[in-house]
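On a predicted model such as this, the values are computed, not experimentally measured, just so you know.
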Amino acid sequence: MTVILPLLFLFTAISGTAVVLVRDPARQVFAIAVNGLVLAILFDGLQAPDVALSELAVGSAAVPLLFLVALMAVRTQSPEEKP
Amino acid sequence: MSPRVRIALLALAALVLLPGAAEVIAGLPPFGSTIAQYGERINAITPEARHVANMVSAINFDLRGLDTLGEEFMLLAAITGTVVLLRGRRGEGNTGHAMRRPGRAVIPRSEAVILACRIAGPLTALFGLYVVLHATVTPGGGFQGGVILASGTLLIYLGEGYAGWRQAIHSHWLDALEGGGALLFALCGLVPMLTGAAFMQNILPLGIFRDLFSGGLMLVENLGVALAVTGGFTQLFLEFMEETRAADEAEEPGEESA
Amino acid sequence: MSVLPYAVAAWLFGIGLYGIATSRNFIHLVGCLGVCQSATYVLLLGLGYRWGGIAPIFYDHPPGTPAVDPVMQALVLTDIVVGATLTALLLVLTIQAHKRGGSLDPEKLRPMRAGGTSGRGQGASRVSDREQSTS
Amino acid sequence: MTAFPAALLPLPVAIPLVICAAMLATAHLLPARLPDILATLSALTVAVLCGVIAVRAADGPLVYWFGGWEPRDGLHLGIGFSVDEASGWVAAFIGLLYALTFVFAWGFFDRTHGHFHILMLLFLAAMVGFCFTRDMFNLFVWFEVMSVAAFALTAYHLAESGLAGAINFTVVNSLAGFLMLGGIGLIYAQTGTLDFEGIAAAVARGGRDPVVAGAFCLVAGALMIKGAIVPFQFWLADAHAVAPSPVSVIFSGAMVSLGLFGLAKVSAVVFGASDQVQHALPALLIGLGCFTALLGGWMALLQRHLKRMLAFSTISHAGIMLTGLGALSVDGTGGMLVYVVGHGLVKGALFMVAGILLATQASIDEIALRGLGRGIWPAGIAMALAGLLLCGLPLGLLDQGTRLIQGALAQQGHGIALVAGVIGAALTGAAVLRAAGRIFLGLGPDPGDEAGAPSEDEREKANRPLWLMLGPCCALLALDMGVPAGLIEHALPRAASAFMHRPVVDAVSEGPGWLPWASVAAALAGAGYGLLRNHLPALLVLPVRATQSAPTRALEALHSGLIGDYAAWLAVGVAMIAAVLAMA
């Protein structure tokens, strides 16, 4: 564990940074999902399986899904309504 | 304010905050050295006091049940807000049936996808139920299970198409599920008061340690959360999906004037 | 190692705030807000960890085995719910703002501004919207 | 088993929650008027219950342990509510404000299956929980429930500016939540408990500790964001100005001041034993408070959009409350608590007048409305009266609070804060009186700098009778003026000492009697100048105009409405708090 945990923390920092730096929302969705997954693994490593399960369900599935749908909604309406 | 000024301001703030943050981090107990007395104590007494194995569930539903009550109603507020804000434009009347979006190609679904979804759907539902039911013994609980169950309904969307999904799921039922679950949870607080106990006091038989039905009142609260979360998240997905208005049925242009 | 988790938490909050300050797209901004929030998860769980502790679930291990702090985990669970609700609400607001303003750029989609074009130009269409919806 | 009065404590939170869950579950079956009735009744019930609790808490705080988890061996295991007299009365005031708001909004939101009422009741329950709790994380939970309900309510109109304002509001207040949670994590890790008293005891044992200071910095920053203190105030004008008027009543009347109420409680109770924090507080709170009072007042005077004007006036008054808090004395905090109630009543009434104008005249723009208010002159009288009360007319609760704060500041020699408070109040009063004169008397055909301020068309549902909207408004004003001063003078020293966990003081001092009159005179002069500008000699007008315009434009540009700017200012604000703490 002593080696894995620091690595997981670093991964979290990197994937969080990636979410910020990927400025195109369509690609950012994937960064968000990856970030959620990394967080879930980190939480499991920190002996928090309850939290990991929540993060897996919410952070890497439900939330990216909402982002995707929001993107789709924005796309479907843009051609006709953009002034 | 131009972006450059903004970043300069941020950098300035960071410069001031950095030494402070360093000092705070240095003052914290080193990572992994010790845990707080409160958590230690809960680990020590709760298995015996409440006959449950999962401490996190015990905290969420018993020791600090009030927080979860607040959290559940926060979810309810958010979902009610989402519904109000998304329906504001579409109008209430249109929620009963699937909306159509003119001029979008219908992508035919392959048999394999439908089959996969019909198999995966019930499996997801089963897994969700498992997670809900084992709240007090293994990781998971009403919230996690509820989210999984709600995601399971999305498989209906993938497999049966948007219209089928809308046919299977009614917004009114979801309201009832969500409100009913939250109501059940709130009543779990009030009913013990009728017997003279404290709000949310665990007055039911506690069951046997490591048994599925251990924890007494926690099981009912867990069920309330599961109902509320399932209803709430499905409602959320439903309302969001409505925004994309997939065209699955025959197209009738001009029905919806955007 | 003993300070790494806290440093990571501080970094996540800082980078998220930087993202919010420089974002030109509301959907991207909501993602950055999520990064800020993940800082709180990391901080709390980091503070509640103990080397060698088991998960606070005494199913396979007998009660009394040293475990990590369950309170922090319960707090983070609540926090995750907060995160999901905030994300959903913000995305809804973003979708609706895009519908009305035709843009996702904070610079173009400002609240009421002096002499700004927001609102005035589209005032007429909005009023007619409302009349339709109330009728 | 808990004895009778303490056993009431969960009810004011639980009742609205149960009602709103039941309303949601049966949303599609409810007859149209039922949500109005249910919501009003439950808000009234909450007010009455909190009143009873407050009366019973006079002898000492009532304590309630949820789930029967009473502290064992000095360790707090569960969540507790602890209600002192002052918290009880503040909660009762909030319940009453909601009940009157529900009456004001009767029939306002027919088409939504009671969703408005559900959100409002949740908002109410969260506020009461926020006032009652004695647990740090529970405080955060209610803080977030409050925020989430508020986010959804802000954008109810779905106008474009409403949405951008709501997004700014949501992002800034979410960041506040994260800061607060971070602070809670730090303090929990350091002290090993979440209970207010437990933390206070551990902090007292610990001596000077950077972690405690850091935790306070984060929590105080979060509460100041809620309380709209400069430089965190930007979201408020965007959000208040666009929220539906019944929601604005609650925002300005209760939510903002509740942030400061929380700050008062946390700094007095939880961090009361940390010397570092207590040394830093006067400079921090009084400095920021003065600045906020002046900036808010100045901005209010320069607005033409009535709700935006009132929003800035709320910022100014939040600054005044903060200076009262900064005196760190029982008088100052007691004055601030009275001020919270008085300000909530008056500001609520003013937002109701704004709502009346929106509903009957279909506009909220001071200049566009010039002279249009003549037909609804009773609203004009209410607005003028509220304006006078706002700037310090020596009558009623708000005035009493002001004089207590002034007394505390004078005693401690904070002359600058005293002057800033008077000027801030005068400026906001002048703004309201000018608007009242222009709208209801048709004065001031030639607008000054306010003509360049942002404004927008807006309308609210117009089918409600005038008396239905004016009634609650007048009730609020009557309540502000009708509470006997003797009663408060008698109860306040005891209540405020209990609130701060300090030994009881004999009496509280009040500021000099002429100060409020000076403030009223200044407000009248300001309003008169704005309305009668074209009758005044050019010698007087030109220099004012020349010096006023440039800073005005600069300030207006600062309130850019860009979320990026707000985030940067937020970081600056937290850095300022940290710097003051580090120097203490």
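- Nearest heavy-atom pair, C/I20 versus D/A567, reported as atom, atom and distance to 0.1 Å: CG2-CB, 3.8 Å.
- Atom CD1 of D/I184 is separated from atom CG of C/L75 by 8.0 Å, given to the nearest 0.5 angstrom.
- If you take CD1 on D/I563 and CG on C/L33, they are separated by 9.0 Å, rounding to the nearest 0.5 Å.
- Heavy atoms closer than 4.5 Å to chain C are found in the side chain of D/V141, but not in its backbone.
- Within residues 568-578 of chain D, the residues approaching chain C closer than 4.5 Å by heavy atoms are, in numerical order, D/A571.
- For C/T22, no part lies under 4.5 angstrom from a heavy atom of chain D.
- When the candidates C/A21, C/G19, C/G16 are compared by the number of heavy-atom contacts under 4.5 Å with chain D, C/A21 comes out ahead.
- The most heavy-atom pairs under 4.5 Å with chain C, out of D/G564, D/A189, D/G182, come from D/G564.
- With a threshold of 4.5 angstrom between heavy atoms, C/F26 approaches chain D through side-chain atoms but not through N, CA, C or O.
- By the side-chain contact (heavy atoms from CB on, under 4.5 Å) test, D/A228 is found to be paired with D/Q233, D/W235, D/L236, D/V256, D/I315, residues two or more places apart in sequence or in another chain being considered.
- Closest of all the heavy-atom pairs between D/A155 and C/L93 is CB-CD2, 3.5 Å.
- Among the candidates C/L47, C/V92, C/T85, the residue making the largest number of heavy-atom pairs closer than 4.5 Å to chain D is C/L47.
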Go through it in stages, so that I can follow the logic: the residues are C/L44 and D/Y188, the test is side-chain contact (heavy atoms from CB on, under 4.5 Å), and I'd like the CA-CA distance, side-chain angles, deciding distance and then a yes or no.
CA-CA 9 Å; C/L44 292 186; D/Y188 170 64; over 6 Å; no

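- Chain D forms the most heavy-atom pairs under 4.5 Å with one residue out of C/D79, C/L43, C/L90, and that residue is C/L90.
- For chain D, no part of C/Y18 is nearby; none of its heavy atoms comes within less than 4.5 Å.
- Pairing each heavy atom of C/L86 with each of D/E144, the nearest pair is CD1-OE1, 4.4 Å.
- Chain D is approached within less than 4.5 Å, heavy atom to heavy atom, by no residue from residues 53-62 of chain C.
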Pair up each side-chain donor or acceptor in residues 163-180 of chain D with any protein partner under 3.5 Å, not counting sequence neighbours, and list the distances.
| from | atom 1 | to | atom 2 | distance (Å) |
| --- | --- | --- | --- | --- |
| D/N168 | ND2 | D/D238 | OD2 | 3.2 |
| D/N168 | ND2 | D/G561 | O | 3.1 |
| D/T170 | OG1 | D/A166 | O | 2.6 |
| D/N173 | OD1 | D/K226 | NZ | 3.3 |
| D/N173 | ND2 | D/F169 | O | 3.0 |
| D/S174 | OG | D/T170 | O | 2.4 |

